[in-house]
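Working notes, structure below.
When a ligand or atom number is given, it counts from 1 through the structure's own listing order.
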Amino acid sequence: MDSFADPYTRRGDDISIEQVRENIASLEEQHRKLGIPLSGRIIHVCHYLPITATLLANQNANGFGVLSPPATPPSRPTDVPGPLSASPSSENELSTTNGEAASSIWSLAPRHGHAAMISGIRSLSHSHEQLIVGWTGDIQSSSTETTPSDSISQKQREEFEFALKDYHPKESDPDDERDRKTKYVPVWLDDKVAHGHYDGYCKQTLWPLFHYLLWQDVATEYASADSHYPYYESTNAAFARRIADVYRPGDLIWVHDYHLLLVPRLVRESILEAVIGLFVHTPFPSSEVFRCLPRRKEILDGMLGANLVCFQTYSYSRHFISTCVRVCGYETTTRGIDVEGHVTAVMHCPVGIDAERVARDITRPGIQPKLEALRNLYEGKKIIVGRDKLDVVKGVIHKLRAFEKLLQDYPEWIGNVVMIQVTSPALTDSPKLERMVSELVAHINGEYGSLDFIPVHHYHQTLKKDEFYALLSVADLAVITPLRDGMNTTSMEFVIAQNAIGKNPSVLSEFMGISKNMEDALLVNPWNLGDVAAAINKGLLMDPEEKAARHEKLYKVVTTHTSHTWAAVLVKMILGQLGLQGTARQTPYIPKELLEGMYVKAKKRLFLFDYDGTLAPIVKIPSMATPSDATLEALEKLSMDPQNLVYIISGRDGAFLEQHLGHLKNVGFSAEHGGFVRERGDKQWTNFTKNLDMSWMAEVEEIFRYYTERTTGSHIEVKKSSITWHYRSADPEWGQFQCRQCQDLLENNLAHKRPIEVLVGKKNLEVRPIAVNKGEIVKRILYKNPDAEFIFCAGDDKTDEDMFRALLLFPPGSTKVTMDAPISVTLVDDPKAQPVELAIKSEAVFTTAVGHSSKRTLAVWHVTTPGEVVEHMLSLVKDIPYTPVKRETSSVQEVVEQPSADAAAAAEEPTTVTTTPIGKASL
Ligand SMILES: O=P(O)(O)OC[C@H]1O[C@H](O[C@H]2O[C@H](CO)[C@@H](O)[C@H](O)[C@H]2O)[C@H](O)[C@@H](O)[C@@H]1O
């Protein structure tokens, strides 16, 4: 799968931003030449707008604005840094008055946080028009309170949106036309929903899970991992609606992060052809952890609505793929994860920082005095710095313990090294964690400090940017050792901060996304305190040459893998998906009225149905895939009409078809992918394989046995002239791996010597004689019924594509179709048979794929499920009265199958299932 490739490297060389941008331009040109629409716009969907909003004045009773500037800056929740300045003189403020009807004044300011993502997004403005869709965040009022969202009138919302039109972030150049291309699209959320979504489901359920913390470890009073899901769902739905409001054909949509995992699917439901990428900024845990999530399937299906899901690292993408396979049973192909034919590519591309900007900021005049003050304060001592959110996953406790271990194992550092640890408040910080940190700091200082030496200096506060950069610059060593972190930008900022001066090293946790790119840092397992202490010691003692050599490599990584390259690579990746899959051709949903209109007009009609996955949903145990009452009703009613000819053309053997459908007297059958036919009203089967060399069956069975022995839960289904190896109940990854090995063996060692074809089915591998296939049966039926004026043919898997191919009747420009007599083994009985002219018109041929609209198929139409096939059929025959036919008990030996996956896992013996033909039927 593509996700194995490092998106930055091309033949091992680093790829520059200029090259990526050239690639984008040429891909866009190629797509446009192929007629793929591209609007030149990118819609970025982020949880928050990168802007905070303060409502400075509210409408009074008379409709006149009342301006009441804040006495103090508006308050802000601890997780959401507020405006740089909310005062009316702020350079970022934009007030709106609306003539005499002025009713509100909005002050807009940049929202802090997610700097890498936002700078990446903004960097795309040089070539694309950009829209950022995001929640407004809590609306600040002129007092210290926030304004409840439901008290903001429609008019005020409109005024806010009007104000957004002229908003330019402080950091962008207001004269720069490029930035004017960014539009901000607010999502308005009810307070309860917004906080249930973020503080609830995001922070209490998904965040811990994605960082390998199951919920009982986080908050004991927490009710259930599911309790805030409705808020998550409705917030995601509000985002999807807002995207649909602003969407134009040809837009590219990038959805960001774990707050919005349902959005891709919700958007896909309303905009079938949308091109959607999803970037997950957090880690993605192993399937063993993810499977604990009560809403696991909903979340995965939500993500899989995207054309491309991208993660920070290869391991996160690997975990995601394996979770989709294990939790949902989806299969992977070389193009991605296949959900009923919709393929989602999975890739990885790490976010970087805006290296140029950080380098610029670090030289700001305010920093030097702060740096010198720090240096003087700790003169003669080495300075270790750490700056983390006070969140369990950031590993502050572990870090402090490792520092204590340093002082124990290397006592020469006592009195000679200080650790400056800054913790900023996090939404999930608990008083318990804060207390633990304080106690540990007090313990270390008590144990190793003296009147003139305090080993740990802990500050629990949000640092100003200048202070932060001064701290990074003055440090002799950075220790950044989270237990899990999606990426971690502080480690990259440290490299830039150290470029001008010490080129000092950093000790980094191997559990952060960035560590794979920062192999020249001192990488540690934060749980191994002794190793962390040793790495700190090594870093503090490192000689200048080694420091410089390591720094040079790290500096190259940080300055080439920037937020700008990241954003450009994302655009390149999504463009690379265009034309590969459903983005180019979406199979439209079957038009009910046309179907019914054509049906009514036709004097003779053919119905050609596949069985598994078309008339019956796929189930775990093949013998349990029995037809529903609705399916039987539809088949019975359709086949009762003398104008209709109904066939079931299946890979199943005759015994199964007879057992479950044999009582339908007017239905014709073909079994084993065209190997056998039983015409309607007949009891006898015609065996098209009887003169064929079938000696390969034993060889194939032997190979299948070999794989069954190695694949617990798999089994063999031996039919009359075909043989199937099933692995649906096996471990999904191992099963698929073994299937590919087995397919390889069959195709490369047997298929060229034997008259066979190897078919990859739904969690199965089938082998049948090459001389028969479902398409040949369709041709035979058509040849025998040239006067048919309507054809409905439905199927769900690759073997059914042979039927659709056989029905591609109209070569371009032709209106009349002449059909030669089929010359295969399914030949009509008369070998001298002459060509026939068909009565059918192309618009009356309804080839219908069951599955996703973006599934690759030759069918003209699609429906999504077998239930929908049946519904459409029932609606064609709604006027026919129906009395269910009593099903006869069959004498067929019950097909014995493997039990469920777990039970199957216990089975040791490989299983071969042999079915026997029914009573008098001779196959
Ligand atoms: O041509 P079809 O009628 O679609 O039959 C194809 C194969 O279907 C059966 O296997 C598949 O369906 C099972 C029941 O849902 C499922 O458990 C299995 O994993 C699928 O591969 C059947 O057992 C095969 O003999 C057919 O060839």
Side-chain angles (χ1 to χ4, degrees), residues 329-331 338 340-341 608-628 631 635 647-661 667 669-677 700-701 704 708 711 713-730 732 735-736 738-739 742-743 757-769 772-778 793-804 848-851 857 859 865-867 869 894-901 904 911-915:
Y330 298 142
E331 296 205 44
D338 188 327
E340 298 296 334
L608 312 169
F609 298 105
D610 161 57
Y611 181 71
D612 286 284
T614 300
L615 288 177
I618 294 291
V619 293
K620 201 156 196 171
I621 304 170
S623 62
M624 304 293 274
T626 54
S628 67
T631 302
L635 292 171
Y647 279 91
I648 293 174
I649 302 173
S650 170
R652 292 280 185 166
D653 62 10
F656 179 92
L657 296 176
E658 294 236 5
Q659 183 186 7
H660 297 290
L661 301 152
V667 173
F669 297 97
S670 168
E672 301 198 31
H673 299 292
F676 299 83
V677 164
V700 173
E701 189 176 345
F704 278 174
T708 306
T711 316
S714 68
H715 71 272
I716 304 168
E717 183 186 354
V718 180
K719 297 180 260 190
K720 290 286 136 189
S721 61
S722 58
I723 180 162
T724 309
W725 181 67
H726 290 274
Y727 62 93
R728 186 170 295 278
S729 293
Q736 191 172 13
Q738 289 296 291
C739 173
C742 182
Q743 182 192 356
E757 191 160 4
V758 181
L759 312 167
V760 181
K762 292 192 162 170
K763 303 244 178 190
N764 77 29
L765 202 55
E766 303 205 54
V767 182
R768 60 149 168 73
V772 294
N773 71 57
K774 291 182 176 186
E776 293 306 314
I777 296 299
V778 167
C793 174
D796 71 311
D797 67 23
K798 285 186 200 140
T799 63
D800 304 318
E801 293 297 315
D802 291 331
M803 299 203 281
F804 302 148
T848 307
V850 183
T857 178
T865 61
V869 175
E894 181 56 76
V895 180
V896 184
E897 302 290 356
Q898 285 282 55
S900 68
T911 312
T912 300
V913 179
T914 309
T915 57

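- Taking every non-hydrogen atom of Ala625 and a distance limit under 4.0 Å, the qualifying atoms of ligand 1 come out as 14 (C), 15 (O).
- Contact atoms of ligand 1 toward Lys774: 1 (O), 2 (P) (distance under 4.0 Å to a heavy atom of the residue).
- Judged by distance alone, the side chain of Arg728 and the main-chain N or O of Lys762 form a donor-acceptor pair under 3.5 Å.
- With atom 19 (O) of ligand 1 as the reference point, the heavy atom nearest to it among Met624, Arg728, Arg652 is part of Arg728.
- Heavy-atom separations between His673 and ligand 1 include at least one value shorter than 4.0 Å.
- Across Gly735 and Ala730, no two heavy atoms sit closer than the pair CA-CB, 4.4 Å.
- Ligand 1 places these atoms under 4.0 Å from at least one heavy atom of Tyr611: 3 (O).
- Where the criterion is an N or O separation shorter than 3.5 Å, residue side chain and backbone included, Gly651 meets it with respect to ligand 1.
- Not a single N or O atom of Thr799, backbone or side chain, sits closer than 3.5 Å to an N or O atom of ligand 1.
- Looking at ligand 1, you'll find an N or O of Asn764 within less than 3.5 Å of one of its N or O atoms.
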Could you please spell out the steps behind the salt bridge (Lys or Arg N to Asp or Glu O under 4.0 Å) verdict for Asp612 and Arg652?
CA-CA 8 Å; Asp612 286 284; Arg652 292 280 185 166; 2.6 Å; yes
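- Side-chain N/O atoms of Thr724 and Lys719 include a donor and acceptor closer than 3.5 Å.
- Counting heavy atoms from C-beta on, the side chains of Glu757 and Arg768 come closer than 4.5 Å.
- The nearest pair of heavy atoms linking His726 to Pro622 is CE1-CG, 3.9 Å.
- Considering every non-hydrogen atom in both Gly795 and Asp610, the closest pair reads CA-CB, 3.8 Å.
- The proximity of Lys620 to ligand 1, defined as any non-hydrogen pair under 4.0 Å, is limited to the backbone.
- Residue contact check: Glu766 has heavy atoms under 4.0 Å from atoms 6 (C), 7 (C), 26 (C), 27 (O) of ligand 1.
- The atoms of ligand 1 that sit less than 4.0 Å from any heavy atom of Pro622 are 13 (C), 14 (C), 17 (O), 23 (O).
- Each of the following atoms of ligand 1 lies closer than 4.0 Å to a heavy atom of His726: 10 (O), 18 (C), 19 (O), 21 (O), 22 (C), 23 (O).
- Here the CD atom belonging to Glu331 is positioned 7.5 Å from the CG atom belonging to Asp338, to the nearest 0.5 angstrom.
- We find the CD1-CD distance between Ile649 and Glu672 to be 14.5 Å, quoted to the nearest 0.5 Å.
- At a 3.5 angstrom cut-off on N or O pairs, Lys762 counts as close to ligand 1.
- Within the structure, ligand 1 lacks Glu672 among the residues with a heavy atom less than 4.0 angstrom away.
- Within ligand 1, the atoms closer than 4.0 Å to a non-hydrogen atom of Glu717 are 22 (C), 23 (O), 24 (C), 25 (O), numbered from 1 in the order shown.
- Those atoms of ligand 1 with a heavy atom of Lys719 less than 4.0 angstrom away are 24 (C), 25 (O), 26 (C), 27 (O).
- One finds the CZ atom of Phe669 at 11.0 Å from the OH atom of Tyr647 (value rounded to the nearest 0.5 Å).
- At least one N or O atom of Val619 sits closer than 3.5 Å to an N or O atom of ligand 1.
- In this structure, OG1 in Thr857 is found 12.5 Å from NZ in Lys798, a value given to the nearest 0.5 Å.
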